[in-house]
Amino acid sequence: MNGTGEDLKKVFIKTYGCQMNVYDSERMRDALAPAGYVAADTPESADLILINTCHIREKAAEKVYSELGRLRQLKERAALQGREVKIGVAGCVAQAEGEEIVRRAGAVDIVVGPQSYHRLPELIAASRPGHPAVETEFAVAEKFAVLDRIAAERNSNPSPEGGRWLREAETEGVARTDPTHRPSAGPPSPFRGGMSSPRVAAFLTVQEGCDKFCTFCVVPYTRGSEVSRAVASIVAEATRLAGEGVREVTLLGQNVNAWHGVGPDGRAWGLGQLLFRLAEIPGLDRLRYTTSHPRDMDDALIAAHRDLDALMPYLHLPVQSGSDRILAAMNRRHTRSHYLHLVDKIRAARPDIALAGDFIVGFPGETEADFADTLSIVDEAGTMGAFTFKYSPRPGTPAATAADQIAEEVKNERLYRLQAKIDARQAAFMGSRVGTKAEVLFERRGREPGQIVGRSPWLMPVHVDAPATLLGSIGRVVITGAGTNSLFATIAPTAADVLPAGLGPALEIAH
Ligand code: 5AD
Ligand code: SF4
């Protein structure tokens, strides 16, 4: 067990990609804890090295194979010292490549897809030199059940050690914001890596997988079909997090607004109803969700944006293209006017909402006129920030074999123009905040002495000249300056502007 002495083993998990992967790495650590694994600081000191891979990046599989080449050498050096090191590959590349990984990378002991992390201890035990364990089946029924088991164990046996262990997670790809995958540039990220304790913001997975089958995307193949976690299980985890001092929860899902379940009232609930329920949990002052599909943005969810103060005014709603022709070829199941109409409804409900998105340029067949439609939808929708991608063919997806692929130079040039527009819009948004007040959840110490960093309602970090005693509280600040991706502020003059957990204005600061 997770006790003292020589029976403790060490695991090092290297995480690539999105928040979903960061969350999954925590799940893997949780699953390994009962088998006696604690976190290793470095791969060199680990008995088990797991790489949690991301498939959306270009040449993702090739990059994993070269990393495995380096790990093979590490494993061989350890063997010379009489130490056995096991190597595992998890995540979307594991799911997509399966047996191919053990064929090509002999040093690998375990290959495990995202649906099977709860089986890691068994897989480790089953793997023998020359006989790797490969588990890439979709066993979706079990996957949220394991989260419940873990939560139940935590509740009956709260462990400060466990908390520290999670917070010391190896975290690569920190600037990515989406459960699928993000580049390092773009709008601010809700990622909580590097945070100082106590943890005040957390992710909570409520949904996994995707049934949309956009013609460019691997997610439906690597993450499987849409599965929603049960209401009771989500409420229990959110309540536990609030009890641990978490004040902001971001609900995660590849298609989070496709979440559905049966509420305690026996009715069919969507994400809107779920958010109303979560907003009732004492201490949970802030809610967010990511990432959404326009087709699943229903009226109840829009009403949640109108009625729930706790639901932060930031929405990541990818549109991908502004051209109806390209949207149809992408199988997006929405049109330009549908998207713009939706944005109008959302803004009517929540006028201060900051809208972010994803865009792909150079999708097969994209003409200059199609691209002009993409540029214009950025302005028409009032997009505040976005992740922009050059289309890149993913083997096995329909668009990869389309005849009319776009030349790389054209993609580069369009990406540059789109990014310039989005940068300008983001700068204008940030500038418009200067001189205004905002409520900030203070999360961690800043790099500069005397500075702490928190999140604005619109997600971007805010660097505030304020004492570390404010960490964990929500305070009203005056925005004094704007950088590219973050804001600068001072504490608003009155003490009544600092709000302890779940209470109105007061003088004492809660942690
Ligand atoms: N090429 C370029 N961008 C892609 N994305 C997904 N698949 C591809 C691809 N093949 C982008 C989409 C999606 C985001 C997570 O990644 O914009 O919303
Ligand atoms: Fe991929 Fe489309 Fe599903 Fe998003 S909605 S995960 S882009 S298939």
Side-chain angles (χ1 to χ4, degrees), residues 16-21 54-61 91-93 95-96 114 173 175-187 189 205 207-227 252-259 289-297 315-323 326-334 338-339 355-366 371 374 377-378 383 385-402 405-406 408 410-412 414-415 418-419 422:
Y16 291 95
C18 56
Q19 293 126 326
M20 187 70 91
N21 267 11
C54 165
H55 199 260
I56 223 144
R57 301 262 62 83
E58 202 158 8
K59 303 198 178 76
C92 293
V93 174
Q95 186 66 43
R176 302 172 185 178
T177 68
D178 164 283
T180 49
H181 316 263
R182 301 287 143 187
S184 54
S189 156
T205 292
Q207 182 280 339
E208 278 201 48
C210 180
D211 294 337
K212 298 285 188 297
F213 288 93
C214 300
T215 55
F216 52 81
C217 184
V218 287
V219 167
Y221 310 97
T222 56
R223 290 284 179 164
S225 57
E226 284 175 15
V227 187
L252 288 185
Q254 260 100 24
N255 239 295
V256 72
N257 60 345
W259 178 90
Y289 60 93
T290 195
T291 192
S292 296
H293 192 287
R295 277 297 287 253
D296 296 317
M297 208 67 217
L315 177 63
H316 185 249
L317 191 65
V319 66
Q320 313 294 356
S321 168
S323 152
I326 296 297
L327 288 170
M330 287 175 163
N331 189 33
R332 285 291 293 174
R333 304 157 189 240
H334 62 79
H338 173 249
Y339 185 85
L355 181 72
D358 288 346
F359 293 89
I360 296 178
V361 301
F363 186 81
E366 185 186 71
F371 177 64
T374 295
I377 204 171
V378 172
T383 307
F387 295 101
T388 54
F389 302 87
K390 282 189 285 181
Y391 171 71
S392 118
R394 296 283 172 268
T397 58
T401 48
Q405 300 288 330
I406 302 296
E408 202 56 25
V410 177
K411 287 186 199 170
N412 285 336
R414 288 181 186 165
L415 186 71
L418 177 60
Q419 193 58 58
I422 287 169

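Computation of the quantities below employed the complete heavy-atom set of this structure, encompassing side-chain atoms and omitting hydrogens, waters and symmetry-equivalent molecules. Counting starts at 1 for both ligands and their atoms, in listed order.
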In sequence, state the C-alpha distance, the side-chain angles, and the governing distance for Thr388 and Val361, and then conclude on side-chain contact (heavy atoms from CB on, under 4.5 Å).
CA-CA 8 Å; Thr388 54; Val361 301; 5.9 Å; no

Below 4.0 Å, non-hydrogen atoms only: which portion of Phe216 touches ligand 2? Side chain, backbone, both or neither.
side chain

Do you see an N/O/S atom of Cys217, backbone or side chain, under 2.8 Å from atom 2 (Fe) of ligand 2?
no

Looking only at non-hydrogen atoms, find the nearest pair between Thr222 and Ala96 and report the distance.
CG2-CB, 4.1 Å

How does Cys210 reach ligand 2, by side chain, by backbone, by both or by neither, if only non-hydrogen atoms under 4.0 Å count?
side chain

For Phe216, is at least one N or O under 3.5 Å away from an N or O on ligand 1?
yes

To which of Ser392, Ala400, Ala399, Cys214 does the heavy atom nearest atom 1 (N) of ligand 1 belong?
Ser392

CZ/Arg333: more than 12 non-hydrogen atoms of other groups inside 6.0 Å:
yes

Any atoms of ligand 2 less than 4.0 Å from a non-hydrogen atom of Cys214? List them with their elements.
2 (Fe), 5 (S), 7 (S), 8 (S)

Basic-acidic side-chain contact under 4.0 Å: Glu366, Lys411
no

Using a 4.0 Å heavy-atom cut-off, which part of Asn255 comes near ligand 2: side chain, backbone, both, or neither?
side chain

With a 4.5 Å limit on heavy-atom distance, are the side chains of Tyr339 and Leu317 in contact?
yes

Taking only non-hydrogen atoms of Lys212 and a 4.0 Å limit, the atoms of ligand 2 in range are 3 (Fe), 5 (S)

List the steps and the verdict of side-chain contact (heavy atoms from CB on, under 4.5 Å) for Asp358 and Phe387.
CA-CA 5 Å; Asp358 288 346; Phe387 295 101; 3.5 Å; yes

So if I count the atoms of ligand 2 from 1 in the order they appear, which ones are less than 4.0 Å from some heavy atom of His293?
5 (S)

Go through ligand 2 atom by atom and flag the ones less than 4.0 Å from a non-hydrogen atom of Phe213.
8 (S)

Just to be sure I'm reading this right: ignoring hydrogens, which of Ile360, Asp358, Thr397 gets closest to atom 13 (C) of ligand 1? Compare them by their nearest heavy atoms.
Asp358

Which segment of Pro220 sits under 4.0 Å of ligand 2 when only heavy atoms are counted:
side chain

Between Arg295 and His293, is the side chain to side chain donor-acceptor pair (under 3.5 Å) condition met? List the steps.
CA-CA 5 Å; Arg295 277 297 287 253; His293 192 287; over 6 Å; no

Can you sort out which atoms of ligand 1 are near Gln320, meaning under 4.0 Å from one of its heavy atoms?
12 (C), 13 (C), 17 (O), 18 (O)

Before giving the answer on side-chain contact (heavy atoms from CB on, under 4.5 Å), spell out for Tyr221 and Phe213 the whole-Å C-alpha distance, their side-chain angles and the decisive distance to 0.1 Å.
CA-CA 9 Å; Tyr221 310 97; Phe213 288 93; 3.7 Å; yes

Intermediate values then yes/no, side-chain contact (heavy atoms from CB on, under 4.5 Å), Cys214 and Gln320:
CA-CA 10 Å; Cys214 300; Gln320 313 294 356; over 6 Å; no

